[in-house]
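Labels below follow one simple rule: chain letters A, B, ... track the order of the sequence lines, proteins then strands, and each chain is numbered from 1.
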Protein chains: 4
Amino acid sequence: MEKIGVGLIGTGFMGKCHALAWNSVSSIFGGELKPELVMLAAVDTQVAAARAQDFGFAKSTSNWRDMLAEPEIQIISITTPNQFHAEMAIAALEAGKHVYCEKPMSSSLGSAKEMLEVARRSGRKTFLGYNYMQNPMIRHMRDLVKTGDIGEVFQCRIELDEDFLADPQHEWDLTCSAATGPGALDDFGVHAIAMLDMMDLKISKVMCRMARPYKTRPDQEGRSKPVENYDTTNVLFELTNGGDGSFLFNRAAWGRKCHFVIEVFGSKGSVFFDQERMNELSIYKAEGPLAGQGYTTILSGPTHTPYDCFMPVAGHGLGFNDLKTIEVNEILKNIQGKESFVVDFEKGIEYEAAINAMISSHETSTWIDVASD
Amino acid sequence: MEKIGVGLIGTGFMGKCHALAWNSVSSIFGGELKPELVMLAAVDTQVAAARAQDFGFAKSTSNWRDMLAEPEIQIISITTPNQFHAEMAIAALEAGKHVYCEKPMSSSLGSAKEMLEVARRSGRKTFLGYNYMQNPMIRHMRDLVKTGDIGEVFQCRIELDEDFLADPQHEWDLTCSAATGPGALDDFGVHAIAMLDMMDLKISKVMCRMARPYKTRPDQEGRSKPVENYDTTNVLFELTNGGDGSFLFNRAAWGRKCHFVIEVFGSKGSVFFDQERMNELSIYKAEGPLAGQGYTTILSGPTHTPYDCFMPVAGHGLGFNDLKTIEVNEILKNIQGKESFVVDFEKGIEYEAAINAMISSHETSTWIDVASD
Amino acid sequence: MEKIGVGLIGTGFMGKCHALAWNSVSSIFGGELKPELVMLAAVDTQVAAARAQDFGFAKSTSNWRDMLAEPEIQIISITTPNQFHAEMAIAALEAGKHVYCEKPMSSSLGSAKEMLEVARRSGRKTFLGYNYMQNPMIRHMRDLVKTGDIGEVFQCRIELDEDFLADPQHEWDLTCSAATGPGALDDFGVHAIAMLDMMDLKISKVMCRMARPYKTRPDQEGRSKPVENYDTTNVLFELTNGGDGSFLFNRAAWGRKCHFVIEVFGSKGSVFFDQERMNELSIYKAEGPLAGQGYTTILSGPTHTPYDCFMPVAGHGLGFNDLKTIEVNEILKNIQGKESFVVDFEKGIEYEAAINAMISSHETSTWIDVASD
Amino acid sequence: MEKIGVGLIGTGFMGKCHALAWNSVSSIFGGELKPELVMLAAVDTQVAAARAQDFGFAKSTSNWRDMLAEPEIQIISITTPNQFHAEMAIAALEAGKHVYCEKPMSSSLGSAKEMLEVARRSGRKTFLGYNYMQNPMIRHMRDLVKTGDIGEVFQCRIELDEDFLADPQHEWDLTCSAATGPGALDDFGVHAIAMLDMMDLKISKVMCRMARPYKTRPDQEGRSKPVENYDTTNVLFELTNGGDGSFLFNRAAWGRKCHFVIEVFGSKGSVFFDQERMNELSIYKAEGPLAGQGYTTILSGPTHTPYDCFMPVAGHGLGFNDLKTIEVNEILKNIQGKESFVVDFEKGIEYEAAINAMISSHETSTWIDVASD
């Protein structure tokens, strides 16, 4: 069994999630390429050391650049805030490392393009963290759509709602700053586009409108401070296949914790998925006697590969963190030159371009074409 | 107990629905004004006679104009196809009858305006059939929203999907003809607008895009005939209160039978309703310990008046036809000068104006203001 | 069209429900036998008169025996408390009327047997009110089971829970009195047995245990008064086909409003129904690829006859009161000698016998055979 | 940070599940006691070696007794079939190891008692694998019940259904053999009892009936072979607090994959849990205006500790394997003398005694007392 050395930057939500995945992937999937956890980087030296011990990394550092010169590291996981992605990914690629970066690629289309250019020159592999699509039920949906089980697709609706900014008294913080991006669109948009792409649905035109449920939020002193970006974003789009669709994003949606809903309508049926019930997929097929037609709710199970690698019994349930482990396994397969299901920088830049078109649409209140190159 | 003479035009889906309501309203509600079923009009003489007997009307006719001269009739229910509404309503009003017309008012804004003018001159009462809003759970939603239970509302999403045109082999018929209206927007749009209005939410601007899932449909000989209107319609809008929202309409949505979903987000909570589970309302309130927060699904019951008039026990369930009986009772209360919850032509013309703005938006691909007068 | 004269005793929950059904049945179903509402009886003269006017009965009385001599009445609806059923039904039958009596037949097996004997002698028709089973979705379940769609049935579970006695402070009233029957078993038991019977499932042996969540309840003066019957009842049973099952009844089940759940397991699939979502039926069939198997939730629609008589579109929803209208239509068909789906006294006595076996089981703590004759 | 050496016997469903948990527990929880994966035992030498590498165990063996003499091992995970539990646990305890054994304790009450005796003598810690109860939503339910949020509990219903034996053509295998235990009761019973115990509900009396949906199953040659144990088991019980309840177990329940449903009724409310939607808990509280009462469905989140150790955002979802990681963390806390939530052999023997009473009840068709000592 071969080994691949891993460096991880970040120990927050996604940092831990990556650590768990790197830790578990061999137990779950076996496989011929086994991760070796070489170094963990965190801003604080002590945190880095403590987390490295918990997560099973051999070394730790407060300076992520230490990884660049570390010959035992072949791939670097980047889980820092978006504005640091470009610098880190470029440095890692130039140091000859593969890069596994959390979505979105970067906080601007310009820097994302630079990341792509460096990646192309480097000959290294790039991967973006799009774990939702690794869900066996999502993959099953993809297969149903792509094999024509629901006929020709003419509409896709996606909602992504959470309530982490639903409280108007939520203190003004970086998430409210224009510098970090447009807001809900930035948080959720690329996930939605990736879902379309996965099903071979491409956006040709967009109409986007962003809004601010709360114009101001209290700062630390309790004074009203203007919110600079947008907590809700609604998008209409056309697909290159002539179909249409919508994205509804809301990060101030009281009650919605991870309401990532995907609904696809075709000429022979429809499918429905909701991340809050991530082990279920509902499908309606217009076949058989009408009296017996209805949505069939499938529970995830071993027939929905790779659920079978986690457990041999249906309906017991995967969790969110398991999706990252599946993603890491796809990355390992990709590095070994096997067939795999990953999002690389080439795809990533496509998604960012669509996001950019949405921003333009919002700014101009017009329909904007999404560049096809 | 006073009596009010009723004439009914039409014996189809809505004709029967009106007949049931006029038949049942006194049994359900008691009340001081009792309908007397005077005359039923249908195109075919024999059908008219047979249905009159079934429905309990004293007389029948194949010529609806016979009702105009009938002194015992004070109110006429119009349940014919949309293109006949204007002529019939105007004639009835001019003959001094109250008019109860199924939605939408008419097949064009021009004729709807004429209806309104005649109504104003006539001094008679006008009513439009918007039965969904008579659902006790919908009314409960309205009350929650209007009393501020979910705080200040900043977004409303409405979906209305059915699948009666989902089959691409569905034969070309009048529903596919431009003459009958824009399609899904015409079938569903005013219902959605009425829901907003009911909650005091007014649209200020719209962006609308309609689409054709199937460009052609087979005619009676099996030849491809171009579909002239639109089976899907997506709308983004702004509200006069600064909020926003969306309408997603699809009458080719396999699996959706009456997926009329209304979702409202506010600063303190949110509500969710789905007509396919019309006896339920879900509400999320951001109060109490976070560990106990979630959507509370309320089952309709006697505390949700006027459910109590139908039965004294909760959770047993009202049906779609019951909503029309509630509507008829509101109409009787209105005629008696009591507080009531109805949609008249004044409201109706507002809704039609918003629909018209959507059509303009689709045609020009621009945001269109909705006239406020 | 022929007419049938109707007398109705009672104006409470079920009285109103019968009145509505008698009023609506011709509008819904057409048909060759049209009810004529002749006389309404209620204890109070003024109530009788007022309700007669609301319900559309020609005459009213405070003495139900007035109906017996009324030649225009051919059928009498009995909706009074259980303890009056026997006296009224027997008198009506002896007066040559058909009888339509709310379930259960009577408050004792002895008097129920007497009712049956008189019925047999009288040559009149008898009908019991079992409206739940008239639900098109329940009938669809029955058909699926009887045609073997889910294979050989080996288990049926039924729950019936409501919360009208869930509050321990609910004042002691007649429902708590042993005189009115055993409690939850009395309220719910025959409904459950009727469901089994409908699917040709017969109970051979029972084990029953009743319990008192609250040993006492406050009387009108607030003093603790012992509860004499049982708010919860659990039953295990064997079926004559070798299968088994369970009944769980609870009328102190906070949150359950009409949780009448029926679940049937067979060798090829299973079905699931819940009255609180009475327009849905879920079926699982073990066929096709395992990856696509799941419960299919069917929404009621025109293909589930006689939903089509109420409206031509699926998913709009029937209500509880509509079930009674279907039942009345079945009764009219039965009286005309047509194929129909009703519960008569012959069936009723079978159900009562099974209830009696359950009471014996509770009293003796042993398994009791259910007599098959 | 201290270390604890782990030995694991078994590499099947539960073997892998334990391996994952031992691997992940420090990454998830941090903590002062870090597992060191010392040795893995499997029947086949090569399997043992391969899985040891995947799972991260330093050594492997085909002879589990090799672990006994291994000084670096302090705790042994036993995940073999039930009939091997006693021998292995006893040997491990006698060798001075802590034991972590999958449920149930053993295949007979006698050997379970022996295990307990040895455990008491050994002074070592014992743990049984009851992962469902480690679910944060289950724990939340426990807390609600124990703190009186739903008042005094008077009824608990538990269903546990799966369909791994639903196919009548499922080949006769060990699961059908009397030697392995009574069947569904053996597979599911202790889980249900543990749930009651967790909420301080104790069974005093049981009535049990087991049944065989299919009397025979095909053997490898396709001949009918009698099924020796029971695929369905229904139990009524009384609680020591005067309440009652039921267990319904079915391992031939088409469509049910892990339908572990727990429903508790109290004087102030009720709770509902279904493992197939393991990230949800529904609670009904009889408080506030009746019009707003309904089941509140809570989504798991960071406020439901230790969900927060897995991720900082609600509604993203834990999976079945995560429950084992929580259990392992509780075991580590227990070993360190901290407050913990585990099931040891003392508890385990109580559960087995209740199972034994159920078997006796089935055999004698009588109510059987559950010994309280």
What is the minimum heavy-atom distance between [X] and [Y], and which atoms define it?
| X | Y | value |
| --- | --- | --- |
| D:Lys16 | A:Ile28 | NZ-O, 2.8 Å |
| A:Phe310 | D:Asn321 | O-ND2, 3.3 Å |
| D:Cys258 | A:Gly315 | CB-O, 3.5 Å |
| D:Asp322 | A:Gly319 | OD2-CA, 4.5 Å |

A:Ser27 and D:Asn23 side chains, donor-acceptor separation under 3.5 Å: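 Their side chains do contain a donor-acceptor pair, which is all the 3.5 Å distance test asks for.
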Under 4.5 Å from any heavy atom of chain D, what part of [X] do you find: side chain, backbone, both or neither?
| X | result |
| --- | --- |
| A:Gln53 | both |
| A:Leu318 | backbone |
| A:Leu323 | neither |

Check the orientation of A:Tyr132 and D:His316. Use parallel for under 30°, tilted for 30 to 60°, and perpendicular for over 60°. tilted
Tell me, with the steps shown, if D:Glu276 and A:Glu280 meet side-chain contact (heavy atoms from CB on, under 4.5 Å). CA-CA 9 Å; D:Glu276 287 180 355; A:Glu280 300 180 12; 5.9 Å; no
What I'd like to find out is whether the side chain of D:Val313 reaches to under 4.5 Å of the side chain of A:Phe164, using heavy atoms alone. no
Pair count under 4.5 Å, heavy atoms only, with chain D: among A:Lys34, A:Arg51, A:Arg256, highest is A:Lys34
For chain D, which of A:His259, A:Glu162, A:Lys257 has the most heavy-atom pairs under 4.5 Å? A:Lys257
So does D:Glu32 have more than 12 non-hydrogen atoms from other groups sitting under 6.0 Å from CD? no
